[in-house]
There are 2 protein chains.
Amino acid sequence: MPARTTPAASPVRLAAETWESLFRAQVAVMRRLQSGPAFKNLAVNEYDVLFTLSRCPSGWLRLNELNDNVLLSQSSLSRLVERLEKRGLVARMPAPDDGRGVLVKLTDDGAELQKQIGREHVRDIAELVAPALTAAEQRELLRLTEKLRTSLPR
Amino acid sequence: MPARTTPAASPVRLAAETWESLFRAQVAVMRRLQSGPAFKNLAVNEYDVLFTLSRCPSGWLRLNELNDNVLLSQSSLSRLVERLEKRGLVARMPAPDDGRGVLVKLTDDGAELQKQIGREHVRDIAELVAPALTAAEQRELLRLTEKLRTSLPR
DNA sequence: TCGATTTACATGCATTTGCATCTATCAGTT
DNA sequence: AACTGATAGATGCAAATGCATGTAAATCGA
């Protein structure tokens, strides 16, 4: 019987323990991030939408594209964007090439708020991650998580 | 101006991109996991509580200890455990050494449900993670996320 | 081209969540 | 012991979330 500290014997166990560790790390970091002052006026999911829009080259994203980045149901995202629109942080318009679709983009206010919170947020992240891992380790973690994400089915 | 694909120049940028990638991977994997049949009758957070209790050597955990593992507010966890108790999956008792505290443990039903869902869950995880990363990469990802989590302040 | 199926998003409704606050207990000070 | 502040957990209440479903537009098949 293997000791509890032995790195997983079977492939299945190894995969499970890897995911478990990734998930716990995410929970631990996220808990600290969201308790910071950066998210006093905007929920993490809301910031995430603004952030995703800020990274989009064209500025416009479909609702279903946004939904790939956020861990929310379709209906919840729909209403989240509705709230952001009411607050004047995003604008919506019908997709020109698809009568069912909706395009979303940041307003000037939304872009400014994203940048302001983003600066604080990045600072908070660096204060947590940089002391924990060397630069080389961070690069490796970045590579592995990116590979994991892009290798998932669909 | 650095190309977008260049691995972050500054330490702050590197840390931010590392976290971003870790977070996106977590979202992508979690979305696939929670859509599976394993979580038809139990929310992920609820399973997480059962799982954490199943790993605890003594069987009993304080509510505030549970709260470290789950990304939920104190009040939400309090009510989540209340619901689990109503469903007969956990039992509570006042902490013997601290009149304010509450201890929680799995009931037999809870332990059985955890094992049953756990088996499915582990299978789902392995089907996602194993094809994406080699065993060596998984071990390295496990090591890095564990180091990150355990190196966080407090 | 017409009917059937699928896709994109919105909405009604019950459940879950978080914030603020409350109570009770504990720990430290005098 | 009495007082002060901190900590554990519960609860009222408003807001957010997800499920099931609805509507409309696109796609597919005959």
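Note that this is a predicted model, so its numbers are computed, not measured. Numbered from 1 within each chain, the chains take letters A, B, ... in sequence-line order.
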Just how far, in rounded Å, is C1' of D:dA10 from CD of B:E82?
8 Å
For residues 141-154 of chain B, pull every pair meeting salt bridge (Lys or Arg N to Asp or Glu O under 4.0 Å), keeping only residues two or more places apart or in separate chains.
A:E137-B:R143, A:E137-B:K147, B:E140-B:R143
Rounded to the Å, how far apart are B:L63 CG and D:dT11 C1'?
14 Å
Tell me, please, the opening and closing nucleotides of DNA chain C, 5' to 3', among those with an atom under 4.0 angstrom from a non-hydrogen atom of chain B.
C:dT16 to C:dC26
Side-chain donor-acceptor contacts of residues 74-89 of chain A below 3.5 Å, not counting sequence neighbours, with atom names and distances?
{"unit_1": "A:S75", "atom_1": "OG", "unit_2": "A:S73", "atom_2": "OG", "d": "3.3"}
{"unit_1": "A:S76", "atom_1": "OG", "unit_2": "A:S73", "atom_2": "OG", "d": "2.9"}
{"unit_1": "A:R87", "atom_1": "NH2", "unit_2": "A:N41", "atom_2": "O", "d": "3.0"}

Rounded to the nearest Å, what distance is computed from the CG atom of residue A:L80 to the P atom of nucleotide D:dG18?
10 Å
Just the rounded figure in Å: distance from C1' of D:dA8 to CE of B:M93.
16 Å
Tell me the bend of the helix from C:dT1-D:dA30 to C:dT30-D:dA1 as the angle between end helix axes, each from five pairs, rounded to the nearest 10 degrees.
40°
Can you tell me whether the side chain of A:R79 and the base of D:dG18 have a donor-acceptor pair closer than 3.5 Å?
yes
Between A:R24 and B:F51, which heavy-atom pair has the shortest distance, and what is it?
NH2-CD2, 3.6 Å
Just N and O in the side chain of B:S78: are any of them under 4.0 Å from OP1 or OP2 of D:dA10?
yes
How would you summarise protein contacts on nucleotides 20-28 of chain D per nucleotide, using B for base, S for sugar-phosphate only and - for none, with heavy-atom distances below 4.0 Å?
-----BS--
State whether A:N45 places a side-chain N or O below 4.0 Å from either non-bridging phosphate oxygen (OP1 or OP2) of D:dT17.
yes
Extract all donor-acceptor atom pairs below 3.5 Å that involve side chains of residues 114-131 of chain B and protein atoms in other chains or at least two apart in sequence.
{"unit_1": "B:Q114", "atom_1": "NE2", "unit_2": "B:Y47", "atom_2": "OH", "d": "3.2"}
{"unit_1": "B:Q116", "atom_1": "NE2", "unit_2": "B:E120", "atom_2": "OE2", "d": "3.4"}

